[in-house]
Amino acid sequence: MNCNRNDFLDKFVEHMLNIKTQGESMRFTKMFIPTIKDAPKDAEVISHQMMIRAGMIRKVASGIYNFLPLGLRVLKKVENIVREEMNRAGAQEVLMPMVVPSELWQESKRWDVYGKELLRLKDRHDRDFCLGPTHEEVITDMVRRDVRSYRQLPLNLYQIQTKFRDEIRPRFGLMRGREFIMKDAYSFHASEECAEREYKNMYETYLRIFERCGLRFKAVEADTGQIGGSFSHEFMVLAETGEDAIASCNKCKYAANVEKAETKIQGQGASVKGQEKTLTKVSTPNMKSVEEVSGFLKVSPQALIKTLIYDSDKGGFAVLLRGDYEINETKLKKHADAEWVRLADDETVKKITNAPSGFAGPVGLKCGIIADYSIQNVVNGVTGANEKDAHFVNVNIDRDFKADKFADLRNVVQGDDCPRCDGKLEIMRGIEVGHIFKLGTKYSETMNAVFLDENGKEKPFIMGCYGIGIGRTAAASIEQNHDKDGIIWPMPLAPFHVHIVPVNVNDKKVMDAAENIYKDLEGAGIEILVDDRDERAGIKFKDADLIGIPIRLTIGSKNLENNMVEMKLRKEANALLVNRAEIVEKIKNFKS
RNA sequence: CGGGGCGUAGCGCAGUCUGGUAGCGCGCCUGCUUUGGGAGCAGGAUGUCGGAGGUUCGAAUCCUCUCGCCCCGACCA
C-alpha cells in the first residue's frame with residue numbers, strides 16, 4: 001500500500017539475505033520441509049516411508065519422484081563423494097543426452113534385445129528415439145569419432161545423470177524406480193592388462209566411495225547380466241530388506257551374488273553302491289510339490305530327485321536337482337548353452353513327460369537330461385513316475401536312468417562349503433548400489449569402434465563400465481541406519497551436520513543463544529538446520545528424529561542459565577550437556 | 001504379462017453388501033490458554049466420491065467400459 005521506494009529496497013535486501021542463508025545452512029521456516037505423521041499406504045519399505053515422511057521426496061508417478069530440498073541435499077552429498085573419488089581416480093566427467101537416437105541402439109543390436117524396459121519415443125519427424133537406460137552406445141560412439149590412436153588411451157569418462165528404465169514393477173521407492181540418477185563410467189583401453197588395471201582401480205575407488213558414505217557393504221562377484229562382458233563385481237549394502245541374496249565365506253574373502261555363488265562340488269562318484277533296492281512305483285494321489293511328496297511318503301526332501309522341465313531356444317529338456325535345493329537359472333542357462341531358458345508350461349510338460357506337471361521323473365524320460373551334482377549322492381531316491389498320481393521310490397542313478405551332463409545348477413545355501421577355502425558360506429541380503437564390469441570388446445566390435453595400435457594395426461577398444469545408483473545409495477543408507485522414530489544419517493550423507501532446536505522461539509535469550517551458536521558453527525564450516533518454527537518442543541523433537549541429522553543441539557532457558565546447551569547424537573539414546581564455549585570444538589571432533 | 005486389492009478432503013480411513021441431503025481422526029485457518037517429546041477449549045474452511053457411459057424418480061453405493069496406484073507370481077514338478 002504505502003510501499004515506497006525505500007521499503008522496497010529494504011525488502012529486497014532482506015530477501016537477498018534470506019537467499020544467502022540457503023547456502024550451507026538453513027532456517028526451518030525458510031526451507032520447504034513438509035514432514036508428515038502418516039506415510040501414504042503405498043510406501044512399503046522403510047526408506048521409502050521415511051523419505052516421504054521426512055519431506056525429502058514425493059511421488060509423481062509410479063517409480064518417478066520429486067526431490068524436495070532436503071532430499072536433494074542428500075543426493076548431492078552422495079554425488080559429491082562419487083565425483084571427488086572418480087576425479088581422484090583419474091576419470092573425467094562428461095554429460096551425455098538422455099534422449100538417444102535409435103540408430104545407435106540398432107547398431108549395437110540392443111534395440112531389439114533390450115525389450116520393454118527401453119522406453120521408446122518418436123520425434124515430430126517420426127524418427128525413433130529412446131530414453132537412455134545406460135549409455136554404452138552413446139559413449140562408444142563418442143569415443144570412436146575422436147579417438148584414433150593408442151596414444152590417446154586409456155580414457156575413463158563418467159557422467160552423473162538421470163536414467164530411465166521402464167521397469168516391469170517399480171517398487172520400494174528410490175530402490176527400484178523407473179527414473180533414477182546414476183553415475184556411469186566407461187573406460188577405453190588398448191590392452192587387456194590396461195583394462196584390468198583400470199577395473200582394479202575402479203574396484204578400489206568404489207571401496208573408498210562407499211566407505212566414505214558410511215555404509216556397511218560388501219563387494220561380491222556377480223553375473224554380468226544384460227550389460228554383458230567377461231567378469232564383474234557388485235557392491236552390496238548389507239540390509240535385511242535387500243533384493244539380492246549374497247553368499248559370503250566366514251573364513252576367506254570369497255563373496256558372491258547367489259546368482260553366481262559356487263560351492264565345492266560334492267559327492268562326485270560318492271554314491272554308495274550295493275544297497276540299491278528294487279525300483280517300485282507307488283501311488284501318490286495329488287502329491288506334487290516336494291513338501292507334499294516327502295510328507296506323504298515320510299522321506300526327507302534330500303531323498304527326492306526334483307525333476308524340472310525346461311523350455312529353451314534349444315528345445316525342451318529336464319533338469320534334476322536334489323529335493324531340498326533350488327534351481328539357479330543363471331547357471332542353468334550357461335550350462336544348457338542356451339540364449340534363454342524358461343520353466344516349461346503345463347502343455348509342454350505334458351508333451352515331454354506324458355503326465356500332468358508335478359509327476360515328472362528321469363526314469364524312461366525321452367529328452368535331454370542335465371543334472372545337478374547334488375543328485376550323485378542320492379541313493380534309493382524318489383522321483384515322479386511320468387504318470388498322474390504316481391512316483392517311483394528306490395530310484396538309482398546309472399541303474400534306472402542316466403544324465404547327459406552333470407553341472408553346478410543350484411543356489412548355494414547357508415553352511416555350504418566355500419569354493420576357495422575350508423570355510424563355510426553364509427547367506428545374507430544386500431542392496432546393489434554399485435556394479436563394475438569388464439566389458440571387453442562387446443560394444444567396440446559390434447559398433448566398429450577402433451584405434452590404431454603401435455604397429456599401425458586396427459583394433460577394437462577394450463572397455464570397462466562402472467555404475468553407481470546415487471538415489472539408491474541414499475535409500476540404502478536409510479535401510480541400514482534407522483530406528484522407529486526416523487532416519488539416522490551417517491555424517492557424510494546427512495543433509496545437515498547439526499540440528500539446532502531452540503525450545504521456545506519466543507524466549508529472546510534462547511533465540512539469541514541459538515543465533516549465536518548458529519553463527520559460530522556456520523563460521524566453522526558446519527552445516528546447520530535451525531528449527532526456528534514457533535512450535536511446541538515435542539513437535540520439533542519428533543521432526544528432528546524423523547529427519548535424522550546426526551547432532552542435535554537443544555537450547556533451553558534452564559540450561560542456558562548455567563551456560564550449557566544439550567547435545568544429543570541421533571544414534572545414541574542419551575544427551576549430554578556441553579558448555580557453550582566448547583560447542584564448536586566438540587562438534588568439529590564429531591564431524592570428522 | 002497373469003492373479004489379487006485399492007482409488008471418498010492434504011494424509012490415514014469409514015460409508016458401498018441392503019441406492020435416499022458425504023462422514024471420522026490427523027493436518028490446515030482464526031482466537032484464547034498452554035509451552036522440554038506430535039497440547040486443550042471454542043469457532044471455521046476444504047470433496048468433479050479416479051474418469052466416461054448406463055440403469056433409476058434418485059447412484060460414492062448397482063451395471064459396462066476406462067485410467068491410475070499397490071501387492072503377489074517366473075520353486076508346481
Side-chain angles (χ1 to χ4, degrees), chain A residues 34-45 48-49 52-53 55 58-64 115-116 168-173 284 286-294 301 304-311 318-330 332-333 340-346 348-350 352-353 355-362 365 382-391 409-411 484-486 501-507 510 531 533-546 552-560 565-566 568 573 575:
Chain A
T35 59
I36 45 177
K37 271 200 215 173
D38 301 314
K41 61 175 178 186
D42 57 6
E44 192 69 8
V45 293
H48 190 195
Q49 291 171 1
I52 287 177
R53 293 222 292 131
R58 288 290 184 266
K59 186 166 74 177
V60 176
S62 179
I64 298 173
K116 288 188 179 160
I168 312 170
R169 187 140 89 85
R171 55 185 138 177
F172 307 146
T284 50
N286 241 341
M287 300 292 154
K288 295 181 176 186
S289 69
V290 167
E291 299 80 54
E292 287 165 355
V293 173
S294 68
L304 266 66
I305 297 175
K306 187 151 76 170
T307 307
L308 300 102
I309 306 299
Y310 266 86
D311 208 358
V319 179
L320 306 185
L321 201 64
R322 210 173 78 184
D324 57 328
Y325 288 135
E326 289 179 1
I327 184 78
N328 178 318
E329 292 192 351
T330 308
L332 178 62
K333 199 169 102 178
W340 55 267
V341 295
R342 188 172 52 215
L343 213 51
D345 53 28
D346 289 356
T348 314
V349 171
K350 182 122 200 181
I352 290 176
T353 68
S357 66
F359 301 99
L365 198 62
V382 177
T383 73
N386 297 322
E387 184 182 318
K388 185 168 163 42
D389 297 339
H391 278 74
L409 300 175
R410 69 174 177 92
N411 281 339
K484 66 172 175 34
D485 295 315
V501 180
V503 169
N504 182 356
V505 296
N506 298 316
D507 183 327
V510 167
D531 193 344
R533 293 177 299 171
D534 185 7
E535 289 286 0
R536 302 171 65 81
I539 290 180
K540 295 192 187 187
F541 290 145
K542 287 288 179 191
D543 274 346
D545 287 345
L546 179 59
R552 188 182 83 196
L553 291 179
T554 308
I555 299 171
S557 51
K558 280 183 201 125
N559 286 325
L560 220 47
V565 164
E566 180 189 294
K568 183 181 171 299

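Protein chains get the first letters and strands the later ones, always in sequence-line order, with residue 1 at the start of each.
Atom P of nucleotide B/rG38 and atom CZ of A/Arg533 are separated by 14 Å, given to the nearest angstrom. Rounded to whole angstrom, the span from the OH atom of A/Tyr325 across to the C1' atom of B/rA77 amounts to 19 Å. In this structure, the CD1 atom of A/Ile52 is 17 Å from the C1' atom of B/rG27, given to the nearest Å. At whole-Å resolution of the value, CD1 in A/Ile168 and C1' in B/rC71 are 15 Å apart. Rounded to an integer number of Å, the gap from CZ of A/Phe172 to P of B/rC72 is 6 Å. In this entry the distance linking NZ of A/Lys542 with C1' of B/rG36 reads 13 Å, nearest Å. The CZ-P distance, from A/Arg53 to B/rG12, rounds to 13 Å in whole Å. A straight line from NZ of A/Lys540 to P of B/rU34 spans 18 Å, rounded to a whole angstrom.
Applying the side chain to side chain contact (heavy atoms under 4.5 Å, CB included) rule to A/Thr35 yields the partners A/Ile33, A/Asp543, A/Leu546, A/Ile547; only residues at least two apart in sequence or on another chain are considered.
Within 4.0 Å of A/Val349, counting heavy atoms only, lies at least one base atom of the nucleic acid. At a threshold of 4.0 angstrom between heavy atoms, the contacts of A/Glu566 include nucleobase atoms, whether or not backbone atoms are also involved. Using a 4.0 Å heavy-atom criterion, one finds that A/Asp543 contacts the bases of the nucleic acid, with or without backbone contacts as well. Base engagement by A/Asn411 is indicated by at least one non-hydrogen atom pair under 4.0 Å involving a base atom. Counting any heavy atom pair closer than 4.0 Å across all strands shown, A/Ala39 reaches sugar-phosphate atoms only and no base atom. A/Lys41 comes within 4.0 angstrom of sugar-phosphate atoms only, judged by non-hydrogen atoms across all strands, and of no base. Among the atoms of the strands shown, base atoms are found under 4.0 Å from some heavy atom of A/Ile327. Heavy atoms of A/Arg58 sit nowhere under 4.0 angstrom from any nucleic acid atom. If you check every strand for non-hydrogen atoms under 4.0 Å, A/Asn559 touches a base. Within 4.0 Å (heavy atoms only), A/Gly538 reaches sugar-phosphate atoms of the nucleic acid but no base atom. Using a 4.0 Å heavy-atom criterion, one finds that A/Gly384 contacts no nucleic acid atom at all. A/Ser62 comes within contact range of the sugar-phosphate backbone alone, with a heavy-atom separation under 4.0 Å but no base atom that close.
Judged by closest nucleotide on RNA chain B, A/Ile555 is the one of A/Asp42 and A/Ile555 placed further toward the 5' end. Sequence order on RNA chain B of the closest nucleotides to A/Phe359 and A/Asp485 puts A/Asp485 first from the 5' end.
Remark: the separation of the P atoms in B/rG51 and B/rU8 is 10 Å, to the nearest Å. To the nearest whole angstrom, the two C1' atoms, one in B/rA42 and one in B/rC57, are 43 Å apart. Comparing B/rG40 with B/rU46, their P atoms sit 24 Å apart, to the nearest whole Å. Using P as the reference atom, B/rU30 and B/rG37 are 25 Å apart when rounded to the nearest Å. Between B/rG2 and B/rU66, the two P atoms lie 13 Å apart (nearest whole Å). Between B/rG20 and B/rG15, the two P atoms lie 14 Å apart (nearest whole Å). Taking atom P on both nucleotides, B/rC76 is separated from B/rU61 by 39 Å, rounded to a whole Å. Rounded to the nearest Å, the gap between the P atom of B/rG23 and that of B/rU64 is 29 Å.
In this structure, of B/rG38, B/rG37, B/rC11, it is B/rG37 that holds the atom nearest to the side chain of A/Lys568. Across B/rC72, B/rA77, B/rG38, the shortest atom-to-atom separation from the side chain of A/Val290 is found for B/rA77. In this structure, the nucleotide among B/rA74, B/rG38, B/rC11 sitting nearest to the side chain of A/Leu546 is B/rG38. When distances run from any side-chain atom of A/Glu291 to the nucleotides B/rG12, B/rG37, B/rA77, the shortest one goes to B/rA77. With B/rC70, B/rA77, B/rC1 as the choices, the nucleotide that has an atom nearest any side-chain atom of A/Leu343 turns out to be B/rA77. The side chain of A/Leu308 approaches B/rA77 more closely than any other nucleotide in the set B/rA77, B/rC71, B/rG38. Distance from the side chain of A/Lys37 is smallest for B/rC26 among the nucleotides B/rA77, B/rC26, B/rC71. Checked against B/rA77, B/rC72, B/rG36, the side chain of A/Val503 finds its nearest nucleotide in B/rG36.
Between the A/Arg410 side chain and the A/Ile327 main chain, no donor and acceptor come within less than 3.5 Å of each other.
Heavy-atom minimum distance, A/Phe359 versus A/Glu387: CB-O, 3.4 Å. The two residues A/Ser557 and A/Asp507 have their closest heavy-atom pair at CB-OD2, 3.6 Å. Of all heavy-atom pairs spanning A/Asn386 and A/Leu365, the tightest one is ND2-CD1, 3.8 Å.
Look at B/rA42: its Watson-Crick or wobble partner, with both distances under 3.5 angstrom, is B/rU30. When both pairing distances are held under 3.5 Å, B/rC57 makes a Watson-Crick or G-U pair with B/rG20. In this structure, B/rG73 and B/rC1 make a Watson-Crick or G-U wobble pair, each of the two defining distances being under 3.5 angstrom. With both pairing distances under 3.5 Å, B/rG7 is matched to B/rC67 as a Watson-Crick or G-U wobble pair.
Residue A/Thr383 has no polar side-chain atom (N or O) positioned under 4.0 Å from OP1 or OP2 of B/rA77. A sub-4.0 Å separation between OP1 or OP2 of B/rC70 and a side-chain N or O of A/Lys59 is present. Distances shown here put every side-chain N or O of A/Arg536 at or beyond 4.0 Å from the OP1 or OP2 atom of B/rG38. The phosphate of B/rC70 (OP1 or OP2) has no side-chain N or O of A/Arg171 nearer than 4.0 angstrom.
A donor N or O paired with an acceptor N or O is found under 3.5 Å between the base of B/rG37 and the side-chain atoms of A/Arg552.
With rounding to the nearest 0.5 angstrom, the NZ atom of A/Lys333 is 11.0 Å from the CG atom of A/Asn328. Distance check, rounded to the nearest 0.5 Å: CD of A/Glu292 to NE2 of A/His391 gives 9.5 Å. The structure places OG1 of A/Thr554 at 4.5 Å from CZ of A/Phe541, a figure rounded to the nearest 0.5 Å. Atom CD of A/Glu329 sits about 9.5 Å away from atom CG of A/Asn411, to the nearest 0.5 Å.
For the pair A/Pro362/A/Thr383, a side-chain contact is recorded, criterion being any heavy-atom separation below 4.5 Å from C-beta on.
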